[in-house]
Structure formats: C-alpha cells, structure tokens
Amino acid sequence: MIDLGISKLALIGVVALVVIGPEKLPKVARTVGTLLGKAQRYVAEVKAEVNRTMELEELKKMKESVESAARDVETSIHQTTSDFEKEWSEVTAGLENAASSTFNPADAYAIGSPVYPEYRHPKKNFRLKQKAVPQWFKARNGIRTRALSGAARVARFRPKSRSL
C-alpha cells in the first residue's frame, strides 16, 4: 500500500500530538486503527472474491473440455459398435442357416458337453431350530450346562490331599 518508514511515522505522530492535543490522542489513534483494520479486511475480501472468480472460470473451462472429450469418446464408441454389428451380421448371415439345419440339442450330450442337474435349495435353516435339548439328556450324557471359570476348573481337578 503506502510505504511509510519509521521517520515518517514519528513525524506524523508529532504533528498529530500538536494539532489534536494529548487528551484526545488515544481516542483518535483507536479510531484510526479500527478504520485501517476495516480497510484491510475489505481489501482481503476483494482479493478472495477475485481469486474465487478466477478459479470458477478455470473450472468452467475444464468442465467444457471434459464434456467435449466425453462427447468424442461417445461418438467413437457408437461408431465402433455400429461397425462391429455390421461386420457381425455379415459374418453370421451364412453360418446361421447352416448351423440351424445341422445342430440337434440331443446330440450335445453325445458330443461331450456334460449336462449338470439343476440346483435345488435344501430348505434347511439351522438358525430356526426351536427345540432345546432337555436337561435330563444333558445330565445323563455329561454335557456341560454351565461354563466353569479358571479357578473352579483348577479346584475341580485338584488332587485330593491325604490325611494321616
């Protein structure tokens, strides 16, 4: 902005002290500071707006270039597919008549292509079991019904002490 050195600032301060007076100088300095802050914020906002506008223009240009490239690719794909379909119809035109007269689906198994059976779902779902195993059956067969802690397991399998 404005190039002010230390000597120029000192000269401006002395002139302001003489003109305004020592009583009003702090209030005037505070007002000048707030005005300078507002001016700096305004300049920063203008710069940010200009940068956003430039970035927006660049993005618009990039969008247009991508859209044009996509259109070119799309037209080339359509052209390639139409060419392929034309060539395919020309190649298969003679084969369809000859193949349909000689091919018999019953002969497919004799030729060597295996016929697999159709998959059928077993209609079982192990998560839907609703019957519980009875307690008498668990007791008779020694199935655990409760979990043992480590200390309980040690106490259960501790050898019996001999008493004299």
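The chain is numbered in sequence order, starting from 1.
- With hydrophobic clusters built from ILVMFWY side chains whose heavy atoms lie under 4.5 angstrom apart, Trp136 shares a cluster with Val133.
- Put simply, CD on Glu87 and CD on Glu90 are 7.0 Å apart, with the number rounded to the nearest 0.5 Å.
- By the 4.0 Å N-to-carboxylate-O rule, Glu57 lies too far from Lys60 to be salt-bridged with it.
- Ile12 and Leu36 are assigned to two separate hydrophobic clusters, defined by single-linkage of ILVMFWY side chains at heavy-atom distances under 4.5 Å.
- Using a 4.5 Å heavy-atom cutoff, the side chains of Arg71 and Thr75 are not in contact.
- Annotation: the span from Lys86 atom NZ to Thr81 atom OG1 amounts to 10.0 Å, rounded to 0.5 Å.
- Rounded to the nearest 0.5 angstrom, Lys61 NZ and Leu59 CG are separated by 11.0 Å.
- Using a 4.5 Å heavy-atom cutoff, the side chains of Met62 and Glu58 are not in contact.
- The shortest distance between side-chain heavy atoms of Arg153 and Arg156 does not fall below 4.5 Å.
- Within 6.0 Å of the NZ atom in Lys8, the count of heavy atoms belonging to other residues, nucleotides or ligands does not exceed 12.
- The CG atom of Leu35 sits 13.0 Å away from the CZ atom of Arg30 when rounded to the nearest 0.5 Å.
- Rounding to the nearest 0.5 Å gives a distance of 11.5 Å between CD1 of Ile20 and NZ of Lys27.
- Taking a 6.0 Å sphere around OH of Tyr116, one finds it holds 12 or fewer heavy atoms contributed by other residues, nucleotides or ligands.
- The aromatic rings of Phe84 and Trp88 sit parallel to each other, their planes meeting at less than 30°, with 60° as the upper class boundary.
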